[in-house]
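To start, the structure under review is shown below, and the notes come after it.
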Amino acid sequence: MNLRDYLLLLFCSIILSSCGSTKKIAYLQDAENFQDTLSHELYDARIKPKDLLTITVSTFDRDVALPFNLVMPRTTTNSELSVNSTPTLQSYLVDNDGLIDFPVLGRIKVGGMTKREVETMLKEKLSSYIKEEPLVNVRMVNYKITVLGEVAKPSTFTVANEKINIYEALAMAGDMTIYGRRENVKLVRELENGGKSIVVLDLTDKNLISSPYFYLQQNDVIYVEPNKAKAKNSGYSTTTSLWLTATSIMISLTSLIVTIYRLK
């Protein structure tokens with residue numbers, strides 16, 4: 001084997017060895033054989049302590065509903081109330097006991113309930129004060145999740161529709177980098193009693209979409225762990241990099257000097 005053939009073989013070996021297996025990077029593997037035969041209810045987030053809620057009560061007669069809406073008039077630059085200012089809706093902070101202070105009704109329990117359950121409860125309580133059935137709308141204004149680790153854009157994201165699954169969360173963060181461990185993604189979740197839980201998720205497993213952790217809850221944290229290749233790369237310090245660069249320059253200079261000396 002001559003030198004040319006040897007170099008060609010070496011080049012092909014490097015190319016083939018650099019091609020990674022899709023088994024390490026593909027999501028939902030073997031998904032064509034997946035069949036979800038279980039019956040599921042549509043996911044609906046439940047209210048937790050420290051959630052911020054906006055609650056609006058509407059009736060045909062606006063004056064009737066006015067006492068039940070927590071509003072604050074806008075102010076002018078001189079801090080005086082503007083006659084034509086539009087009132088802004090204030091948020092209700094859910095305390096550690098799952099309670100909020102609602103106008104006229106006082107302290108009511110909303111923790112652990114869905115938005116629809118809170119709306120139904122308020123309609124029943126308001127029936128003692130309002131003859132016609134009011135329209136009650138509840139929204140969470142601080143529904144957020146955090147994605148960090150080996151993703152393109154780690155950050156905290158606010159979810160407007162209050163429903164997001166783990167793949168959607170990764171998409172918001174620009175997806176995992178090639179160094180992310182897809183079979184070992186950690187989910188940190190705060191429990192209702194104030195405790196914390198850490199769950200390891202395998203994003204290559206097609207059965208994940210049937211998991212109770214497929215849909216994220218407010219304040220969930222997703223951590224994508226780096227693989228061994230990234231860990232090894234991080235072992236090279238800046239000093240090591242500078243040393244290698246300096247060595248390379250010295251070798252080049254030495255080679256140049258030797259070449260010039262031979263030409264003489």
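This one's a predicted model, so the numbers in the text were calculated from it and none came from an experiment.
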Review point. Is the side chain of Lys109 donor-acceptor paired with the backbone N or O of Asp97 at a distance under 3.5 Å, no angle test?
Key: yes
Review point. Which pairs pass ring pair (Phe, Tyr, Trp, His ring centres under 6.0 Å) with one or both residues in residues 119-145, sequence neighbours excluded?
Key: Phe68-Tyr129
Revision key, fill the gap. Leu191 and Ser197 have their tightest heavy-atom pair at CD2-OG, 3.9 Å
**Study point:** By salt bridge (Lys or Arg N to Asp or Glu O under 4.0 Å) - contacts of Asp220 (at least two apart)
**Key:** Arg189
**Study point:** pair Leu216-Leu187: side-chain heavy atoms closer than 4.5 Å
**Key:** yes
**Study point:** Minimum heavy-atom distance Val151-Val147, with the two atoms named
**Key:** CG1-CG1, 3.9 Å
Point to revise | Separation between NZ of Lys153 and CG of Asp175, rounded to the nearest 0.5 Å | key: 10.5 Å
Point to revise | ring-ring contact (aromatic ring centres under 6.0 Å, His included) against Tyr213, all qualifying residues, sequence neighbours excluded | key: none
Point to revise | All pairs passing side-chain hydrogen bond (donor to acceptor under 3.5 Å, both in side chains) where residues 48-57 contributes a residue, at least two apart | key: Lys48-Gln217, Lys50-Asn96, Asp51-Gln218
Check your understanding: Of all heavy-atom pairs between Pro134 and Leu126, which one has the smallest distance, and what is that distance?
Key -> CG-CD1, 4.1 Å
Review point. Same cluster for Met176 and Val199 if Ile/Leu/Val/Met/Phe/Trp/Tyr side chains link at under 4.5 Å?
Key: yes
Exercise for review: Please step through side-chain contact (heavy atoms from CB on, under 4.5 Å) for the pair Leu170 and Val185, ending with a clear verdict.
Suggested key: CA-CA 11 Å; Leu170 289 173; Val185 176; 5.8 Å; no
Check your understanding: What residues form a side chain to side chain donor-acceptor pair (under 3.5 Å) with Asn184, not counting sequence neighbours?
Key -> Glu225
Practice item. Please check if Leu99 and Val136 belong to a single hydrophobic cluster, counting links between Ile, Leu, Val, Met, Phe, Trp and Tyr side chain heavy atoms closer than 4.5 Å. Key: no
Practice item. Show the numbers, then the answer: is there a side-chain contact (heavy atoms from CB on, under 4.5 Å) between Phe102 and Val57? Key: CA-CA 11 Å; Phe102 196 81; Val57 179; 4.1 Å; yes
Point to revise | CD1-CG distance between Ile100 and Leu70, expressed to the nearest 0.5 angstrom | key: 9.5 Å
**Study point:** Beyond-backbone contact of Val159 with Glu168, side-chain heavy atoms, under 4.5 angstrom
**Key:** no
Practice item. Kindly indicate whether the side chain of Leu53, heavy atoms from C-beta on, has any atom under 4.5 Å from the side chain of Met140. Key: yes
Revision key, fill the gap. Heavy-atom closest pair (Pro67 atom, Pro103 atom, distance to 0.1 Å) is O-CB, 3.1 Å
Revision key, fill the gap. Taken in chain and number order and not counting sequence neighbours, the residues that satisfy side chain to side chain donor-acceptor pair (under 3.5 Å) with Asp202 are Thr204
**Study point:** Pairing of Arg181 and Glu150 as salt bridge, 4.0 angstrom limit
**Key:** no
Practice item. Could you pull out all residues at least two apart from Lys125 that satisfy side chain to side chain donor-acceptor pair (under 3.5 Å)? Key: none
Point to revise | Minimum heavy-atom distance between Phe157 and Ala173, given as atom pair plus value | key: CZ-CA, 3.8 Å
Point to revise | Members besides Phe60 in its Ile/Leu/Val/Met/Phe/Trp/Tyr cluster (side-chain heavy atoms under 4.5 Å) | key: none
**Study point:** Straight-line distance of Ile209 CD1 to Asn165 CG, nearest 0.5 Å
**Key:** 9.5 Å
Review point. Of all residues at least two apart in sequence or in a different chain, which pass the salt bridge (Lys or Arg N to Asp or Glu O under 4.0 Å) check with Arg107?
Key: Asp95, Asp101
Exercise for review: To the nearest 0.5 angstrom, please state how far the CD atom of Glu162 sits from the CG atom of Asn142.
Suggested key: 9.5 Å
Name the atoms and distances for all side-chain donor-acceptor pairs under 3.5 Å in residues 116-123, with sequence neighbours left out.
| unit_1 | atom_1 | unit_2 | atom_2 | d |
| --- | --- | --- | --- | --- |
| Glu117 | OE1 | Arg46 | NH1 | 3.2 |
| Glu117 | OE1 | Thr114 | N | 3.0 |
| Glu119 | OE2 | Val138 | N | 3.0 |
| Thr120 | OG1 | Arg116 | O | 3.0 |

Point to revise | Under 4.5 Å side-chain linkage, directly or through intermediates, the cluster mates of Val141 | key: Leu52, Leu93
Review point. Does any non-hydrogen side-chain atom of Val64 lie less than 4.5 Å from one of Glu132?
Key: no
Review point. How close do Gly149 and Pro154 get, heavy atom to heavy atom, and via which atoms?
Key: N-CB, 4.5 Å
Practice item. Mark yes or no for whether Tyr215, through its side chain, and Ala45, through its backbone, hold a donor-acceptor pair below 3.5 Å. Key: no
Revision key, fill the gap. To the nearest 0.5 Å, atom OG1 of Thr156 lies from atom CD1 of Ile145 at 8.0 Å
Check your understanding: Which hydrophobic side chains are connected to Val221, either touching it within the sub-4.5 Å cutoff or through other members that do?
Key -> Leu148, Val188, Ile198, Tyr223
